There are 2 protein chains.
Amino acid sequence: MSQEEVGVDLETSLGYLLKEASSALRAAMEEVLRPLGMNVTHYSCLELLAQRPGLSNSELARGAFVTRQTMNVLLKSLERDGYVTRATEAPVGKALPTRLTPAGRRSLEKASAAVRSVELRMLSGLTAPEQSDASRILRSMIHSLRADNEEA
Amino acid sequence: MSQEEVGVDLETSLGYLLKEASSALRAAMEEVLRPLGMNVTHYSCLELLAQRPGLSNSELARGAFVTRQTMNVLLKSLERDGYVTRATEAPVGKALPTRLTPAGRRSLEKASAAVRSVELRMLSGLTAPEQSDASRILRSMIHSLRADNEEA
DNA sequence: TGACTCATGTCAGTATTCTGACATAGCTTG
DNA sequence: CAAGCTATGTCAGAATACTGACATGAGTCA
């Protein structure tokens with residue numbers, strides 16, 4: 001276990017820890033969503049629509065961190081199953097606003113409660129100030145990563 | 001943008017921020033690894049083998065946060081391309097130790113440097129104490145998420 | 001106005017990862 | 001010792017997400 005630190009040390013790397021935490025969160029979410037017949041992307045899409053009604057396919061894709069092609073496939077299945085409705089004509093440009101149906105809203109309610117309980121579990125060992133720190137630190141990481149991405 | 005907070009508020013949710021940060025990190029890593037003909041899982045596997053030579057397929061899978069079936073597919077391609085070698089017989093049990101070849105080690109060197117630069121970029125806006133906080137907070141999140149996963 | 005750029009929706013094909021299943025090796029336990 | 005349990009490697013098929021490509025609508029600018 002003692003190596004001469006050539007590259008990234010997985011034991012102490014914040015990048016690795018970030019991936020580990022994200023992976024654990026995703027697994028925990030999948031576990032509670034599975035009994036509800038949902039996966040994480042599914043849930044993310046509905047949650048986005050609940051909080052920001054009328055989002056377009058591309059906007060939903062960005063919010064759920066998938067490509068717009070992937071979101072397009074998902075939206076079709078959600079529309080087929082009666083959870084969302086999409087405008088048939090674009091009010092402006094090509095973007096088609098999407099909205100939750102009552103069925104979609106009902107389905108989301110249980111999922112949202114389940115996900116919230118997972119998030120509370122995740123934060124159960126942290127004090128309020130630590131949670132504030134976490135928020136600030138994560139935002140800084142995101143900002144730094146994106147800033148240099150755009151330069152390149 | 002002002003909703004009555006029924007479920008998880010995406011603007012302030014630490015779960016969403018975690019996903020966002022992880023997604024940004026992954027994208028940044030993919031970007032620097034692509035010119036080297038590697039993806040993140042690819043790199044993770046080689047990095048794990050560099051730091052812990054002789055890991056088995058299942059151990060590598062856990063370390064890279066994928067299933068052992070997925071890692072098996074990856075290992076086959078890495079072996080075919082001459083980056084790793086796998087024992088043909090299990091010294092104990094069924095686990096087949098895997099090791100980097102010189103070619104694999106050479107390939108990893110550039111990738112490791114690229115990934116390290118991404119990680120430094122991610123941390124560029126944080127002080128040393130903040131980085132310590134981040135480490136402690138992420139470990140706490142991971143622990144809390146896993147603890148209740150096993151109970152269930 | 002006309003050319004250019006950008007964002008969007010969508011189709012098609014590919015790549016990646018997952019779940020399910022089976023056989024085998026080692027350990028534990030009655 | 002035999003049975004049960006766990007971990008591993010592997011095969012097959014399904015689900016998921018991606019890249020590439022094309023057409024269209026809106027804004028910019030010479």
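Residue numbering restarts at 1 for every chain, and letters A, B, ... go by the order of the sequence lines. Everything numeric in this text was worked out from a predicted model, so none of it was measured.
Distance check: A:Thr98 OG1 to A:Leu46 CG gives 11.0 Å after rounding to the nearest 0.5 Å. For the atom pair CG of B:Leu14 and CG of B:Asp9, the computed distance is 11.0 Å after rounding to the nearest 0.5 Å. B:Leu25 contributes atom CG, which lies 10.0 Å from atom CD of B:Glu30 (distance to the nearest 0.5 angstrom). We find the CG-CZ distance between A:Leu10 and B:Arg52 to be 6.0 Å, quoted to the nearest 0.5 Å.
Proximity of residues 86-101 of chain B to DNA chain D (heavy atom under 4.0 angstrom from any strand atom) is restricted to B:Arg86, B:Lys94, B:Ala95, B:Leu96. Using a 4.0 Å cutoff on non-hydrogen atoms, the parts of residues 54-61 of chain B near DNA chain D are B:Ser56, B:Asn57, B:Ser58, ordered by number.
Applying the ring-ring contact (aromatic ring centres under 6.0 Å, His included) test to every pair with at least one member in residues 28-63 of chain B, sequence neighbours left out, gives no pairs at all. Counting only residues at least two apart or in different chains, ring-ring contact (aromatic ring centres under 6.0 Å, His included) contacts with residues 52-74 of chain A comprise A:Phe65-B:Tyr16. Sorted pairs that involve residues 121-141 of chain A and meet ring-ring contact (aromatic ring centres under 6.0 Å, His included), not counting sequence neighbours, are lacking altogether. Listed by first and then second residue, the ring-ring contact (aromatic ring centres under 6.0 Å, His included) pairs that reach into residues 92-141 of chain B come to none, sequence neighbours excluded.
Qualifying side-chain hydrogen bond (donor to acceptor under 3.5 Å, both in side chains) partners for A:Tyr83, counting only residues two or more places apart in sequence or in other chains: none. Residues forming a side-chain hydrogen bond (donor to acceptor under 3.5 Å, both in side chains) with B:Thr70 (at least two apart in sequence, or on another chain): B:Thr67.
Taking the 5' to 3' direction, DNA chain C first and last meets chain A under 4.0 angstrom from a heavy atom at C:dT8 to C:dT19.
In terms of heavy-atom proximity, A:Ala28 sits nearest to A:Val118 at CB-CG1, 3.8 Å.
Checked by atom type and distance alone, the side chain of A:Glu59 pairs as donor or acceptor with a backbone atom of A:Ser56 at under 3.5 Å. In this structure, A:Asn57 contributes its side chain and A:Arg68 its backbone to a donor-acceptor pair below 3.5 Å.
Linking ILVMFWY residues whenever their side-chain heavy atoms come closer than 4.5 Å, directly or via other members, leaves A:Leu60 and A:Leu96 in distinct clusters.
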Between protein and nucleic acid, restricted to nucleotides 16-20 of chain D and to nitrogen or oxygen atoms under 3.5 Å apart, what atom pairs and distances do you find?
| unit_1 | atom_1 | unit_2 | atom_2 | d |
| --- | --- | --- | --- | --- |
| D:dA17 | OP1 | A:Thr41 | OG1 | 2.7 |
| D:dC18 | OP2 | A:Thr67 | N | 3.0 |
| D:dC18 | OP2 | A:Thr67 | OG1 | 3.3 |
| D:dC18 | OP2 | A:Thr70 | OG1 | 2.9 |
| D:dG20 | O6 | A:Gln69 | NE2 | 2.9 |

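Direction of the helix axis in the helix from C:dT1-D:dA30 to C:dG30-D:dC1 shifts by 30° between the two five-pair termini, rounded to 10°.
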Mind listing the side-chain donor-acceptor pairs of residues 123-139 of chain A below 3.5 Å, one per line with the distance, residues two or more places apart or on another chain?
| unit_1 | atom_1 | unit_2 | atom_2 | d |
| --- | --- | --- | --- | --- |
| A:Ser124 | OG | A:Arg121 | O | 2.7 |
| A:Thr127 | OG1 | A:Glu130 | N | 3.2 |
| A:Thr127 | OG1 | A:Glu130 | OE1 | 3.4 |
| A:Glu130 | OE1 | A:Thr127 | N | 2.8 |
| A:Glu130 | OE2 | B:Arg136 | NH1 | 2.4 |
| A:Gln131 | NE2 | A:Leu126 | O | 3.4 |
| A:Ser132 | OG | A:Ala128 | O | 3.4 |
| A:Asp133 | OD1 | A:Arg136 | NH2 | 3.0 |
| A:Ser135 | OG | A:Arg139 | NE | 3.2 |
| A:Arg136 | NH1 | B:Glu130 | OE2 | 2.4 |
| A:Arg139 | NH2 | B:Glu11 | O | 3.2 |

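Rounded to whole Å, atom P of D:dA15 lies 19 Å from atom CG of A:Leu33.
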